[in-house]
Structures are given as C-alpha cells and as structure tokens.
Undergrad: 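I'd like to ask some things about the structure below.
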Amino acid sequence: MNFSEVFKLSSLLCKFSPDGKYLASCVQYRLVVRDANTLQILQLYTCLDQIQHLEWSADSLFILCALYKRGLVQVWSLEQPEWHCKIDEGSAGLVASCWSPDGRHILNTTEFHLRITVWSLCTKSVSYIKYPKACQQGITFTRDGRYLALAERRDCRDYVSIFVCSDWQLLRYKVLLYSLDGRLLSAFCAYEWSLGIKSVAWSPSSQFLAIGSYDGKVRILNHVTWKMITEFGHPATVNNTKIVVYKEAEKSPPLGHLAFPPPRAATGPLTSSESKYEIASMPVSLQTLKPAADRANPRIGVGALAFSPDNYFLATRNDSVPNAVWIWDIRKLRLLAVLEQLCTVRAFQWGPQQPRLAICTGGSKVYLWSPAGCVSVQVPGEGDFQVLSLCWHPSGDSLALLSKDHFCLCFLEMEKGVRMAFGQRGDCT
C-alpha cells in the first residue's frame, strides 16, 4: 500500500469528481483541482471568502463553492478556467446549496428556510420554491433527474411535494390541450396543493371535455374558450326529489320455492341470486368507502366517466362511493339519476347508437339503464358467470360479457323492450 503526500485541507472539504478523474480540495478561500492519479495541480481558483461547501456537477465540468457566511455561491468551470459565476442571495442569506442532476441549475436554500432559489447557468433565469422544511434530508431527486421531492412545512403541517425539474413547477395532474399543428391551446388544473385530475372523457361531438378529479368532482370544459362551464359533485346524500335513485335489491323467491334448510347453492354469494331495482324515497344515503390514508393510490375521486353517443348524458363513478353510478343530464347540467348497486361497480359503457348504459359489478348479472328506466338481468346457465367487463357490438343490438376465462353474448330483442337473450359461452382463448 502506497501513500501520497499529506495536503492541508479546510474543514475536510475534499471530493472526487463523479467521473473519477479529478480531486478537488479547499484551503481557506482557495479551491485546488488535482489529477486524481498523480495529484498534479490542474487548476487553482480563488474565492471571495472561506469555502464552507464544495460540490461537483454530475458531468464533472463545474464545481460549486458555497460561502455561507457571505450568502454567496461561486461556480468554476474546468473546461474554461476563465469562466466563472457568482450568485449572491443578498439579505435572504444562505444555509445550503446543491446541484440539480443536469449540472446546469443550482438550488440555494435561504436562511430560516424561507424559500429555495433555483438558478440556471444556461439561461440566467431564476425560479422560486416556497415552504422548504428545515430538516437534515429535505430534498432529493429521482435517478433520471426529472423530478424533485421536497419536504415542505405549510400551515403547521408537513407535506412532500413533487416538482418537475424541466420548469421547476409543482407536479400537477393537469390537462394540456393541443391543436393538430402542435400549438398549446390551453392548460387546465382543477386546484392546487393536492392530487388533481384522475380521469378525462371527450363528448362524441367534441364540444365538451369532462375532467374527473381526486376531490370527487367532475368539471365540464367547453371547446371554444376551454373554460369550465360547470362542475358536478358527488355527495353521499341525495335529497333532491327531481333525482331518481334506483337501488338494487335482492328478489325474494316465491313461497313455493322456499326450502329449509336452504340448499347449498342458495348459501353462495349474492351475485348468484336474482335482483331488481327499486326507486328509493328521499333522502337517500349512499354507501361510502373510507380510504386508507397510509396507502398509495387511495380509492377516492372520479375514476370513470363516459358520455352517451347523443351527447345528452354523462355517466360517472366516484371511487369513494364504489357501488353507485351517477347519470347527469348535459342539456340541463344537473344530476338526473343514481344507480346504487349491491356490489362495487367494475365497469360501465354506453351503447354506440342509443343512450343505453350497460353496467357490471363482477357478479352474474348485467344492468341496463336508459331514459325509460333500468333493469337487472341474470346471466343464464349453470355455475356463477362473473361479469368483469363488457363491450358493445357496433350496431348496439348486442354486447359481449367477459369473465376471467369465458365470455358470452347478450342480444337485445328490440321489439320486446329490454328482455335479453344470451348466446352460448365460449373460452376467451
């Protein structure tokens, strides 16, 4: 084992460059850059005061020297020794300084953690990030350098916010609208400081854009100004007598079919029994789901929405009210009906020709709604066919019902109303 000479350092400031070619060290106000193998001095820089922090850029082309006592940061270039940069935070002071992953931005934290100032070496622009929390490790970047996670302290509460490093703006779930020639027409963000947009749907005429958000509301934008024309909420209690609430209820078997004790098939899941819809009297309290606050991707917000083919209706599902489908009248901009199922709504889809909505809940039934009413239909056959998803035929006269391993076809007999006829099951494979 061989040892090189011993060199004097200032406050243990000695760091290798990321590419391993250089070694930077500080002595009071001097910055010395050496060859990492031979320790030959390659560059010598003089700062305005004692250096208290030293950091290489990710590409090993620049060195940052922080002079906390004077609120200054000086940046030196290895390729162009005559080039240098001085950043003065002034009366705001300086308590921390670091590089962004691209090696072209410097993030300075002011005294009392009032803000973080982002300085661009390329454009000389300045961005500000408010509310950084005073903690040991309050800032970190993703490995690809695209995002910044920052610990914040706002309104006497702790937060972790995600920022986009390309523009140093808070990452928002927002909608950007572009023309076909690439022009940005509009940008829409429902609100600040929280999870934002969760689902989006165009109306068939492209006149309306429905945006579902994590706050449980749907916002409708128009195609002329791209401004919001209305918003729909999803309250847990419905008390408007103009709204029809259909509640799914299990059918009671005829007296002649009662058996005691009940057969094994009758003790199975509710999905194997027949059901019907009943019109509920006001007010109606819908079943709500309390999301787990300590888990990612909470079941909240508008997770699904779809327009009818004639643009007259909008169907939505609020994930915190998982058993309900909300149907809105777009012409009158009001809630028209609510369908509350016995089980969680898995999927719904409008028919392609008429305003007819098909719904499935993972059971052995399919549900249909139209302006004339709604119906629950049992899938015939032996066993329990669990409808997990569905899709309409382009004509709107039939739809395919899909389980995990099988499918069946449902034919609508138009001359007999909503009565169903089911085709034979077949393997999805």
Side-chain angles (χ1 to χ4, degrees), residues 199 246-253 257 259 262-278 286-289 291-292 295 297-300 302-306 315-327 337-352 356-370 373-394 396-413 418-429:
S199 56
Y246 298 94
K247 293 179 72 75
E248 183 188 7
E250 186 178 3
K251 278 187 178 180
S252 299
H257 291 79
R264 180 179 299 272
T267 61
L270 183 63
T271 54
S272 62
S273 61
E274 294 186 1
S275 67
K276 62 179 180 178
Y277 280 112
E278 297 177 347
L286 304 174
Q287 297 181 15
T288 59
L289 179 69
R295 295 184 182 180
N297 302 317
R299 295 189 61 180
I300 58 174
V302 181
L305 38 78
T316 64
R317 185 195 68 218
N318 183 7
D319 291 346
S320 60
V321 190
N323 292 16
V325 175
W326 309 67
I327 299 175
V338 178
L339 282 67
E340 186 176 28
Q341 309 298 130
L342 291 173
C343 300
T344 300
V345 175
R346 296 292 298 265
F348 57 76
Q349 189 178 79
W350 289 99
R356 185 186 294 118
L357 184 69
I359 305 168
C360 66
T361 62
S364 59
K365 291 178 285 294
V366 62
Y367 310 90
L368 290 175
W369 177 91
S370 73
C374 53
V375 65
S376 167
V377 180
Q378 181 78 26
V379 179
E382 298 180 358
D384 185 17
F385 186 89
Q386 297 182 339
V387 185
L388 302 179
S389 61
L390 46 82
C391 61
W392 285 90
H393 186 277
D397 295 336
S398 63
L399 63 150
L401 309 178
L402 286 73
S403 69
K404 182 179 181 181
D405 300 312
H406 302 82
F407 74 92
C408 70
L409 295 181
C410 167
F411 299 96
L412 279 68
E413 298 179 353
V418 295
R419 194 167 66 85
M420 302 290 176
F422 285 80
Q424 187 177 2
R425 298 183 187 182
D427 287 332
C428 287
T429 57

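The residues of the chain are indexed from 1 along the displayed sequence.
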Undergrad: Considering all heavy atoms of both residues, which atom of Val338 and which atom of Leu286 are nearest to each other, and what is their separation?
TA: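 Smallest heavy-atom distance, with atoms named: CG1-CD1, 4.2 Å.
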Undergrad: Nearest heavy-atom pair of Ser364 and Gln378: which atoms, and what distance?
TA: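 Smallest heavy-atom distance, with atoms named: OG-NE2, 2.8 Å.
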Undergrad: Please report the shortest heavy-atom distance between Leu388 and Ala347, naming the atom on each side.
TA: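 That would be O-CB, 4.4 Å.
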Undergrad: Taking all non-hydrogen atoms of both residues, which atom of Ala304 and which atom of Ser199 are closest, and how far apart?
TA: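 So the two residues come closest at N-OG, 4.2 Å.
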Undergrad: Grab the two heavy atoms, one from Val387 and one from Lys365, that are nearest each other, plus how far apart they are.
TA: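 Smallest interatomic distance, heavy atoms only, reads CG2-O, 4.0 Å.
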Undergrad: List in chain and number order the residues that pass side chain to side chain donor-acceptor pair (under 3.5 Å) with Asn318, two or more places apart in sequence or in another chain; answer none if no residue qualifies.
TA: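 By the side chain to side chain donor-acceptor pair (under 3.5 Å) rule, Asn318 matches Ser320.
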Undergrad: How far apart are the C-alpha atoms of Ile359 and Val345, what are their side-chain angles, what is the distance that settles it, and do they pass the side-chain contact (heavy atoms from CB on, under 4.5 Å) test?
TA: CA-CA 7 Å; Ile359 305 168; Val345 175; 4.0 Å; yes
Undergrad: Can you give me the closest heavy-atom contact between Trp369 and Ile327, atom names plus distance?
TA: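 So the two residues come closest at CD2-CD1, 3.3 Å.
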Undergrad: Can you name the side-chain contact (heavy atoms from CB on, under 4.5 Å) partners of Ala358, sequence neighbours left out?
TA: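 Testing Ala358 for side-chain contact (heavy atoms from CB on, under 4.5 Å), a comparison that skips the adjacent residues, returns Leu368, Leu390, Trp392, Leu399.
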Undergrad: State the NE2-CD distance between His406 and Gln386, to the nearest 0.5 angstrom.
TA: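 Nearest 0.5 Å value for the NE2-CD distance: 12.0 Å.
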Undergrad: Kindly write out the residues that satisfy salt bridge (Lys or Arg N to Asp or Glu O under 4.0 Å) with Glu248, not counting sequence neighbours, or none if the list is empty.
TA: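 Glu248: no salt bridge (Lys or Arg N to Asp or Glu O under 4.0 Å) contacts found.
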Undergrad: With sequence neighbours excluded, what pairs up with Ala400 under the side-chain contact (heavy atoms from CB on, under 4.5 Å) test?
TA: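 Testing Ala400 for side-chain contact (heavy atoms from CB on, under 4.5 Å), a comparison that skips the adjacent residues, returns Cys391, Leu402, Leu409.
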Undergrad: Name all residues meeting the side chain to side chain donor-acceptor pair (under 3.5 Å) criterion together with Ser376; count only those two or more places apart in sequence or in a different chain, and write none if there are none.
TA: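 Checked Ser376 against side chain to side chain donor-acceptor pair (under 3.5 Å); matches are Ser275.
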Undergrad: Roughly how far, to the nearest 0.5 Å, is the CZ atom of Arg317 from the CG atom of Asn323?
TA: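 Answer rounded to 0.5 Å: 10.5 Å.
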Undergrad: For residues 337-346, which residue pairs pass the salt bridge (Lys or Arg N to Asp or Glu O under 4.0 Å) check, not counting sequence neighbours?
TA: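 Of all non-adjacent pairs touching residues 337-346, those that pass salt bridge (Lys or Arg N to Asp or Glu O under 4.0 Å) are Lys247-Glu340.
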Undergrad: State whether the side chain of Ser403 and the backbone N or O of Phe385 hold a donor-acceptor pair below 3.5 Å, judged by distance alone.
TA: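 No; zero donor-acceptor contacts below 3.5 Å.
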Undergrad: What distance do Leu357 atom CG and Ser370 atom OG have between them, rounded to the nearest 0.5 Å?
TA: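 So the CG of Leu357 and the OG of Ser370 are separated by 10.0 Å.
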Undergrad: Any side-chain heavy atom of Ile300 sitting closer than 4.5 Å to one from Asp319?
TA: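 Result no, sub-4.5 Å side-chain heavy-atom pair not found.
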Undergrad: May I have the step-by-step check of side chain to side chain donor-acceptor pair (under 3.5 Å) for Tyr277 and Gln341, ending in yes or no?
TA: CA-CA 9 Å; Tyr277 280 112; Gln341 309 298 130; 2.6 Å; yes
